[in-house]
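Ligands are counted one by one from 1 in listed order, and the atoms in each one are counted from 1 as well.
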Amino acid sequence: MSSVDDFNEDAIEVSRPRTWAAGVPGVTHAMGPAFRQMGVPRSLRALTAMNQRDGFDCMSCAWPDPDHRKTFEFCENGAKAATWEATPVTVPTAFWAENPISELLTKSEYWLGMQGRLVEPVYKPAGSEHYRPITWDAAFELVGDTLRGLDSPDQAAFYTSGRTSNEAAFLYQLFVRAFGTNNLPDCSNMCHESTSYAMLETVGIGKSTITYADFARADLIIIMGQNPGSNHPRMLTALEEAKAAGASVVAVNPLPEAGLLRYKNPQTVRGVIGAGTVIADQHLQIRLGGDMALLQAVSKRVLDAEAARPGTVLDHEFLREHCVGLDELRSHLARLDDAAVAAATGLTESEIDELADRYLRAEKVIITWAMGITQHKKAVPTIKEIINLLLLRGNIGKPGAGASPIRGHSNVQGDRTMGIWERMPTAFLDALEREFGFDPPRADGLDSVGAIRAMRDGRVKVWIALGGNLVAAISDSAVAEAAISKTALSVQISTKLNRSHAVVGEQALILPTLGRTEIDRQATGPQFVSVEDTVCAVHSSTGRLEPVSDRLLSEVAIVSRLARATLETTTSIDWAGFENDYDGIREHIAHVIPGFADFNQRIRQQEGFSLPHGPRDRRTFPTPSGKALLTVNELEPIERPPGRLLLQTLRSHDQFNTTIYSPNDRYRGIKNGRQVIFVNPEDIVELGLISGMLVDVHSEFSDNVDRVLRRFRLVAYPSARGCAAAYFPEANVLVPLDSTAEGSNTPVSKAVLVRLEPSR
Ligand SMILES: Nc1nc2c(c(=O)[nH]1)N[C@H]1C(S)=C(S)[C@@H](COP(=O)(O)OP(=O)(O)OC[C@H]3O[C@@H](n4cnc5c(=O)[nH]c(N)nc54)[C@H](O)[C@@H]3O)O[C@H]1N2
Ligand SMILES: Nc1nc2c(c(=O)[nH]1)N[C@H]1C(S)=C(S)[C@@H](COP(=O)(O)OP(=O)(O)OC[C@H]3O[C@@H](n4cnc5c(=O)[nH]c(N)nc54)[C@H](O)[C@@H]3O)O[C@H]1N2
Ligand SMILES: [Mo]
């Protein structure tokens, strides 16, 4: 990013990485910052309401709630997310006159976030260098007039970040489609899109096939490309419980991530004073992008075992009744090249044999995955290989077994269910048409990468974002910033400042909104919203804190008023009614979206409810053939010329996506800085570099544009050989916009070819 960081590279302190992680709060780490920023009463009210049945859903990840919740049902990083939102600090009116946009452009994400909550709508007129306060009415009128003035609705794009509630998301897509476009890019395009594509094609539904309870019933849990210790800390409790019930755990990861190795649960005596629980029984330190080869090699061993002991290894009944493609898969894997597998994975035959043995010994296997799998060029076929391996032994649709993508944003899955997708299926559009009596647009809209291209090329002129920070989150930062700067109007609906407020169109608006922690009062009284977690469970979320300002509007209110300002006379939809009473929105959701019948009644049940899922519940696969598909996927080696490394971008322990809580990454031993690149010590020697020196990181793509990160500190780190790591979002400058995953169009943020040069 071009912004100056507050932490200069000389201040960075490096120490040994941790070998264990704590999942649920130790008082020191989780409660300390909360008490300091919010004061004790507000903190206690916030944190004790988090993930409770009558409280709000934690916004830090999509991990599900267990049936038996504890008083403190949150983790250290959930506490950081809640305090970041619930801070009483607000951006003062004088801020806008004091800080021209050119000044905001020099600030880091950390600095921007620390300015506090946004509390008044602000407007940057054409030709001005400053935002200035504007009334809500004038802001809505401006958006409505601008949208109505476009030549076509397709000249606008409407982004969503995955923190948005079901109710706001449903209303937003309704507004956008009633306006006349399917341009609904979202953060999922950069996240689990590859999962959605691969699973939709193979099992007919792009969502996890397990429930929370399945973890404790599994014999084997394989965690691929995921760092739960930092990004889904409450998952460590589920893994600890699974281990206590006899499961074994395998981690597949180029890094020895703290949470995968050992877990100390601060809510148990053993966790506080003991050595904790060893999480991974086997750690396969795979090369970046090697997973597809590994999965094929394990599936081949399964098929070989069946050939040696016919009738005893595969789940023949399941394969016969529910799957197609076994013969093709068998003949394809018979030709698997062991040397290609070794080169791609960097693993030994015996390591792969051990994993295959574990898989064969287990009756019930869960495979979980996240960004280490989804953000590769070959992410979609890799996930199809996960499905292949599971299907061979019937590990889908039985207790304790299944495919479990672990989603990131707390309601990213629900937003998709509600219709936030640029290519919703015909059945959904038909249902909208029936319910609301207008003809929704049918042509596919733009995804995130497509929207940036369209703004770059002048095809999209209005950019509206319901949350998020797209310029920072997407690849090719320079191109993305230039693209948004070309729009006629950019609108950000946000809780706090970020880079996307500094990268603006000719005119720009910031519309401040209530956060999930806050009480949402409307004409008919306080409202609650709903969310869907990573295992398809839907439950309510009720804000418990006094709003930080009485000038804020809820997301639902903002969307409802945007719709009224844009469409008032053209539809008969009762937008104002929705704002007054969210039950009215849920009533329509119940009619439009399968699985939501009696929504208003069932969401008020204590537990919420679980959405129907054919493969999970009844082994029915809603694919065109009605069967699960075993697929044939060609391995393609990732070329790494001599003197080059493969780089992945990942999250530190003290960030939430583009939000930076602190410059530290405790588990990886980093303090006071983020401009670091982690490289295996033997690679450092081989490259003729010295650990601790400053290097420039150049990516290498065929377009020959020099994309570079300057003055990054080289940190010797026990990564797989040939593989390096740096933090997202800083490293996004390295990835060209057109480098996307095949099929899903997700930016390729993992396994980026780079060259390191000593900084001058
Ligand atoms: N505290 C906190 N929580 C979060 C977030 C956050 O930023 N902060 N973000 C949320 C969001 S939106 C998401 S999507 C999730 C993200 O959760 P994660 O997917 O855990 O996020 P990353 O930090 O990208 O970590 C990627 C992991 O995959 C590994 N990996 C990278 N490449 C490969 C590969 O080729 N093969 C294998 N096997 N492993 C690989 C990396 O070493 C790393 O451990 O977390 C969510 N929760
Ligand atoms: N290189 C690289 N790039 C990546 C990734 C990676 O691993 N590597 N990960 C990708 C992934 S998985 C994701 S999900 C995307 C994330 O992309 P985004 O979802 O666009 O980014 P966030 O950083 O989560 O958005 C944070 C902003 O949302 C706003 N916000 C917070 N809470 C609320 C709320 O309640 N309402 C509203 N309206 N606004 C709110 C705040 O202003 C905050 O600054 O980034 C992707 N980009
Ligand atoms: Mo994500």
Report task. Check the pair Q226, T368 against side chain to side chain contact (heavy atoms under 4.5 Å, CB included), reporting the backbone distance first and the verdict last. Result -> CA-CA 8 Å; Q226 194 200 345; T368 76; 3.0 Å; yes

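- Taking any N or O of W84, backbone or side chain, none lies under 3.5 Å from an N or O belonging to ligand 2.
- For the pair Y159 (side chain) and Q492 (backbone), a donor-acceptor distance under 3.5 Å is absent.
- Every atom of ligand 2 with a heavy atom of N469 under 4.0 Å away is listed here by number and element: 18 (P), 20 (O), 21 (O), 25 (O).
- Look at R561 and E579 and you find a salt bridge, because one of the NZ, NE, NH1 or NH2 atoms lies within 4.0 Å of a carboxylate O, short of that distance.
- A cation-pi contact, defined as under 6.0 Å to the ring centre and within 45° of the axis, links R674 to Y727.
- Of the candidates T164, D533, N166, N411 forms a side chain to side chain donor-acceptor pair (under 3.5 Å) with just one, namely N166.
- Atoms of ligand 2 found under 4.0 Å from any heavy atom of G467, numbered from 1 in the order shown, are 37 (C), 38 (N), 39 (N).
- The ring of W84 has its center no closer than 6.0 angstrom to the ring center of F656.
- Within ligand 2, the atoms closer than 4.0 Å to a non-hydrogen atom of S494 are 39 (N), 42 (O), numbered from 1 in the order shown.
- The ring of F175 has its center closer than 6.0 angstrom to the ring center of F158.
- For a heavy-atom separation below 4.0 Å, the residues in contact with ligand 1 are S60, C61, N77, C191, G225, Q226, N227, S230, N231, H232, V252, N253, P254, L255, E257, I286, L288, G289, D291, A370, M371, G372, H376, G408, H409, Q648, L650, R651, Q655, F656, N657, K750.
- Residues R287 and L646 fail the side-chain proximity criterion, which asks for heavy atoms closer than 4.5 Å.
- Inclusion of G468 in the set of residues having an N or O under 3.5 Å from an N or O of ligand 2 is warranted.
- Close approach of ligand 2 to N732 (heavy-atom distance below 4.0 Å) involves ligand atoms 1 (N), 2 (C), 3 (N).
- Residue T513 approaches ligand 2 through these ligand atoms, each under 4.0 Å from one of its heavy atoms: 36 (N), 37 (C), 38 (N).
- Counting all heavy atoms, side chain and backbone alike, P233 lies closest to N231 at CD-C, 3.5 Å.
- Counting the atoms of ligand 2 from 1 in the order shown, those under 4.0 Å from a heavy atom of Y159 are 17 (O), 18 (P), 19 (O), 20 (O).
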Query - side-chain hydrogen bond (donor to acceptor under 3.5 Å, both in side chains) between S448 and N189, worked out - result: CA-CA 6 Å; S448 292; N189 297 141; 3.1 Å; yes

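- Looking at Y582 and D520, their side chains do bring a donor and an acceptor atom within 3.5 Å of each other.
- Contact atoms of ligand 2 toward I493: 37 (C), 38 (N), 39 (N) (distance under 4.0 Å to a heavy atom of the residue).
- Residue E555 has at least one nitrogen or oxygen atom sitting less than 3.5 Å from a nitrogen or oxygen atom of ligand 2, judged on distance alone.
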